[in-house]
2 protein chains.
Amino acid sequence: MATIAQVAVKAGVSTATVSRALNKPEMVDAKTKAKVQEAVQSLGYRPNQVAQGLASRSSRTIGVVVNQFGSAYYGTMIDGAERALRKIGYKLIAESSGEAAEGERSAWQSLFDRQCEAVIVHSDALAEEELTGFMEKHPMSVLMNRHLPDYEDRCVYLDNIRGGALAAAHLVAKGHRKIATITGPFSYHEARDRLKGFEQQLAEAGIPLDPDLTAEGNFKDDMAFERMMALLNGPKEFTALFCQSDEMAAGAIEACRQKGLRIPDDISIIGFDDVDLARHLSPKLTTVRQPLREIGAAAGLLAHAVARKSPDIEGICRSFEAEVIERASVLDLNTGS
Amino acid sequence: MATIAQVAVKAGVSTATVSRALNKPEMVDAKTKAKVQEAVQSLGYRPNQVAQGLASRSSRTIGVVVNQFGSAYYGTMIDGAERALRKIGYKLIAESSGEAAEGERSAWQSLFDRQCEAVIVHSDALAEEELTGFMEKHPMSVLMNRHLPDYEDRCVYLDNIRGGALAAAHLVAKGHRKIATITGPFSYHEARDRLKGFEQQLAEAGIPLDPDLTAEGNFKDDMAFERMMALLNGPKEFTALFCQSDEMAAGAIEACRQKGLRIPDDISIIGFDDVDLARHLSPKLTTVRQPLREIGAAAGLLAHAVARKSPDIEGICRSFEAEVIERASVLDLNTGS
DNA sequence: ATGAAAGCGCTAACAA
DNA sequence: TTGTTAGCGCTTTCAT
């Protein structure tokens, strides 16, 4: 690996000049610039970005911590963030927390130890209190898909209350009145918010949320299968189900299948997320879409802006709206189709 | 941010001693160590890992370039690599190529510019020739899920020939003789290898590969849907289909559904990959499993070993075997179940 | 427009 | 066991 010093020797100039020729071309004479270019070429010189970072105190690197990379949910957000950052010459260091609080804590710290200018955190395990403490302690952090009122301007999030309301509104508009729901774990604010919006919207239609038709899941398919079985075996009838994740909808569909129930003829189902899975289920799943890629990209840009103390933080969209994607899993009771 | 110099002053020792106390505790007196610990605590000192890297010429960072992070295929491998590396104190810098050859080239280079000790590449767009050139030029690189005979010991891969053979064997064992297949793009070695193994295995059973029943897809569902429609509308009959990815199987299933064909009663389908999608399809998809997480982990470990010029490169499993996961999409013609 | 020199935060000989 | 002195590869004053 050639160093700047070797380039300087070869070009017959000082290292400072090489540095300038490369980074501030307007500050150097055309002739010198040519000599430098030439030397750079022949040596195949490439600046050591770590050394550049140390000297200039800017690593042009953003960190991100998520539970895991293997799921479409996290993968899509990371993809959005990475692409957005790459466009502005930034790199992403990704670390997974292993779905544990301790993992989140250490990943967060460790990314700063690597001189990330800012870190994007998708916290799942940290209690709100501790999370607030971290946001306070590490001002160069932004929360992805999470809303912490105290740190409003460092959060990129989906309006989950509205997302839940959208699901209810869709089902009600299709004529459903007896509606069951399988939520995420209540320790997740997303789950609570979606349920809250769902309940409020039902209330507006004069439908009380029925506790007997409300089950707490964990966003995964297996548990949703169990919950749905229990719901189906219970005494209460219902014509529609809202699942707070597409994966849970998949589990619920499986339960229906085993009970010989047809979707949407016997029971309608609406999911949440709109990951690829949704359109591969049968029937194709009507769901509430989260713009995950956009959320990831916004988190990347916000992290960059925060790191640079850029004034246009305000210009970055931080609150996203869900949207229902209508497919084939909800029956219209009004028309019967 | 406290620096090592401040710690040194506070502890009344030299920076060298602080460095030793932290990195080679056995080399320093217990009393001094205590003083240092104390200073570290009170200042909240954390070593700047970038500076450490520059000084010690080891960044403890591995890079990885993939097409994108959003799909389960890449996500799962990255997850495997990241976890394996985290365990040994290494970090992963991830960069996506944007599914273009130029993206792969620049990502590869740029990760080395960031002083990654080694980089893991999942190449999709680079021609074999150029890929070979890069492996030659960058000895600290390993290929993930790709086999380049010239660089045997820097590749972690699935035996795709055997994978294809497994699919054929399964179908033949179930009594199928008229078998169609939708492959990946032939520009991908995976696609060619799987087809080769598939053809060889069929040949062993005395079944020639029928060109009219062989269609080239692109691993995606949409194109598989088109191909399957064409196959179904064609003059040749067949009882089974092998798709080289689960996503394509999903597309093919959709085509069957639109034609009113039942799976597996009218037509059997076997996929490849065994991503989450497979068990969510209906019927649940019988498929050839790739151990993606293990492959990713092995790639991470191999990259580390290569970077460290470790002798136990040989000890890392580099060749993985596929395995068929039997679910419900293949009918046994022998028993009719 | 260019060079000399200092320094980013740390490690690693070499002495003592 | 500890301190001194050089760097690692670069950027950035400050002179010239």
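This structure is a prediction, so every number in the text was calculated from the model and none was measured.
As rounded to whole Å, 15 Å separates atom C1' of C:dG9 from atom CG of B:Leu43. Here the P atom of nucleotide D:dC8 and the CE atom of A:Met1 are 16 Å apart, to the nearest Å. A straight line from NZ of B:Lys33 to C1' of D:dT2 spans 14 Å, rounded to a whole angstrom. Separating the CG atom of A:Leu54 from the C1' atom of C:dC10 is a distance of 8 Å, rounded to the nearest angstrom. In this structure, CZ of B:Arg57 is placed 16 Å from P of D:dA6, rounded to the nearest angstrom. Here the C1' atom of nucleotide C:dC10 and the CZ atom of A:Arg114 are 14 Å apart, to the nearest Å. At whole-Å resolution of the value, CG in A:Asn48 and P in D:dC8 are 12 Å apart. Regarding B:Met27, its CE atom lies at a distance of 8 Å from the P atom of D:dT1, rounded to whole Å.
Taking 4.0 Å as the cut-off between side-chain N and carboxylate O, B:Glu128 and B:Arg146 count as a salt-bridged pair.
Between B:Gly12 and A:Ala16, it is B:Gly12 whose nearest contact on DNA chain D lies nearer the 5' terminus.
Distances were taken from every side-chain heavy atom of A:Ala51 (C-beta onward) to each of D:dT11, D:dG9, C:dC10; the shortest belongs to D:dG9. Out of D:dC8, D:dT11, C:dC10, the shortest distance to the side chain of A:Gln52 is found at D:dT11. Taking every side-chain heavy atom of A:Tyr45 into account, D:dC10 is the closest of D:dG7, D:dC10, C:dC8. In the set D:dC10, D:dT12, C:dC10, D:dT12 carries the atom at the smallest distance from any side-chain atom of A:Lys24.
Regarding contacts with the backbone of C:dG3, a side-chain N or O of A:Ser14 is found under 4.0 angstrom from either OP1 or OP2. The side chain of B:Ser19 contributes an N or O atom lying less than 4.0 Å from OP1 or OP2 of C:dT11. Regarding contacts with the backbone of C:dA1, every side-chain N or O of A:Lys31 stays at 4.0 angstrom or more from both OP1 and OP2. Taking side-chain N and O atoms only, A:Thr32 has a distance below 4.0 Å to OP1 or OP2 of C:dT2. Side-chain nitrogen and oxygen atoms of B:Thr17 include none within less than 4.0 Å of the OP1 or OP2 phosphate oxygen of D:dT1.
In this structure, the side chain of A:Asn67 engages the main chain of A:Glu99 through a donor-acceptor pair within 3.5 Å. The backbone N or O of A:Ser96 lies less than 3.5 Å from a partner atom in the side chain of B:Arg86, making a donor-acceptor pair.
The structure places CD1 of B:Ile62 at 7.0 Å from NE2 of B:His304, a figure rounded to the nearest 0.5 Å. Between the CG atom in B:Asp193 and the OH atom in B:Tyr157 there is a gap of 10.5 Å [rounded to 0.5 Å].
No engagement by B:Val50 is indicated, since no non-hydrogen atom pair under 4.0 Å with the nucleic acid exists.
Between the side chain of A:Arg20 and the base of C:dG3, at least one donor-acceptor pair of N or O atoms lies under 3.5 Å.
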